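This is a predicted model, so every value here is computed, not measured. Only this structure's heavy atoms are used, side chains among them; waters, hydrogens and symmetry mates stay out.
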Amino acid sequence: MAMRSNEDVQHKTPALSRSEEAFARALSVFPDGTSRVTIERDPIPKYMERGEGAYLFDVDGNRYLDLNGNFTSLIHGHAFKPVVDAVHLQLASGSCFANPTQVEIELASILCERIPNVDRVRFVNTGTEAVMFAIKAARAFTGKAGIAKFEGAYHGAYDWAEVSQSATPENWGPADDPVSVPFYKGMPQSVLQETLVLRFNDTDLLEKNLTAHAHRIAAVVIDPMPSQAGLIAPKPDFLDSLHRLCHHYGVLIIADEVLNLRQGYRGASARYKLKPDLLTMGKIIGGGLPIGAIGGREEVMDVFSAKSGRPLLPQAGTFSANPLSIVAGIAAMRALDEAAFARLDTLGDRLRANLTDIIAQQDAPFAVTGAGSLFLIHPTQRIPRDFRDMATSALQNGVRRTLSRFFSRHGAILPNGAAACLSTPMGETEVDTISDLFRLFLKEHAADIKNMETAE
């Protein structure tokens, strides 16, 4: 790889004067000056003006390589022309109707044709709604109320899906009997009692606890590669046990692929040979507009059917299957053919290999995980096994924040502790830029890293 000099990847700290003005105004209308808790601030948010391809431009004229992609939803980057053209054309014909449109059939057909185990689809507006209705569908189908989920996994903002999402060493309980930890103050005790918490890739715990509680469990919700729990791949024997137990006890498997559908042409479940009864989708299937979808086996999806009267599970939504999101999704998904995914795989493999090589060369206490177009840099030398291994010291958290801040200062948006992603407008130039910035970070912050390593 041709190396650039340090001067090539350094520039002045971006000015933020207009962002400062915007944040001052925002404090007068939002509880903390932002409209989403996920907005990163250092010490204030950067307000963006526009996006173009792989890059963002803030209100002060600074350009950034975007490795966040609005939380991985923008697989084609910003202002992707086929999406822009499709939305412009649809907007001139109407933004939403109470009646169905032909385009919703087309996007549903794309998903049914591509994604294994998806026989039927229902559209909603967000990934949160998709997971919520998938859980409700499992309850309606099985007649059981409880669910099981994996510690630390993010599945949106439905109460049962939020349990133990942010558990800590202080409250997560014994290794072989995880506690159901509330996500927010006031979460009902009944929600905690109805949610069984398991540990990802822990086959023994899965066998023991799911067997003991299967009589009350409607479904196991699983992200094939949990984004907030380390971007760690599932072990084959773990999935084998999950399939066997769920089949034996009549428990459904819900694969949450709202984020990880971007792992391949047929999604992440197909990549890891997970066979779900229901599968939730979002992000990339909307081409940058709000969307969610529930798909699954025809027998299970029939709980949504009104063919014989009131459905077992009524599902509506004023903007569900709105034509703007649908046509944007069609344009995005058509462009995501097998060649596009193969190219993203190649870029992702190269980047993860580059970062791993740099870590080895510098003998730095870091590790890299991910697959496809996703990657995550961990401030620890050992690749985490599950969410509990993700717990880091204050020094490690400080180094993680410093890494994100360093990238931002040098013109790249790297999420702080969350999954980072590549997009189709990127190429080897962007992969080299990320690699060079990481190498420079290790060099310039060697003392901080050494302190972190010593404290471990």
Report yes or no: does N117 contribute a side-chain atom to a donor-acceptor pair with the main-chain N or O of D277 at less than 3.5 Å?
no
Check: Does E49 CD have over 12 foreign heavy atoms under 6.0 Å away?
Finding: yes
> Can you tell me if S28 uses its side chain to pair, donor with acceptor, with the backbone of A24 under 3.5 Å?
Replying inline: no
Closest non-hydrogen contact found for F406 with E444 is CE1-OE1, 3.5 Å
For P365 and I449 the tightest heavy-atom approach is CD-CG2, 3.3 Å
* To do: Ignoring hydrogens and angles, tell me if any N or O in the side chain of R405 forms a donor-acceptor pair with the backbone of D42 under 3.5 Å.
  => no
Requested in this report: Look only at the side chain of R343 and the backbone of T424, and say whether a donor-acceptor pair between them is shorter than 3.5 Å.
Outcome: yes
Give me the ring orientation class for F80 and H76: parallel if the planes are under 30° apart, tilted from 30 to 60°, perpendicular past 60°. parallel
Main chain of L414, side chain of S404: is a donor-acceptor contact present, judged purely on distance under 3.5 Å? yes
Taking the six-membered ring where the residue is Trp, are the ring centres of F238 and F150 under 6.0 Å apart? yes
Nearest heavy-atom contact between G295 and V118 is CA-CG1, 4.0 Å
_F23 and Y47 aromatic ring geometry - parallel, tilted or perpendicular at 30°/60° bounds_ = tilted
R63 to Y55 six-membered ring, cation-pi geometry met (6.0 Å, 45°) | yes
Rounding to 0.5 Å, atoms CD (E129) and OH (Y158) come to a distance of 12.0 Å
Looking only at atom types and distance, does a side-chain atom of K149 sit under 3.5 Å from a main-chain N or O of A161, one as donor and one as acceptor? yes
- [ ] Look at the side chain of Q362 and the backbone N and O of I359, then say whether any donor-acceptor pair between them is shorter than 3.5 Å.
- [x] no
Whether R266 side chain and R114 backbone form a donor-acceptor pair below 3.5 Å: yes
*asked:* Under the criterion side chain to side chain donor-acceptor pair (under 3.5 Å), I'd like the reasoning laid out for Y184 against D159: C-alpha separation, chi angles, the key distance, then a yes or no.
replied: CA-CA 9 Å; Y184 63 91; D159 277 15; 3.0 Å; yes
| Checking S325 side chain against P290 main chain: does a donor-acceptor pair fall under 3.5 Å? | yes
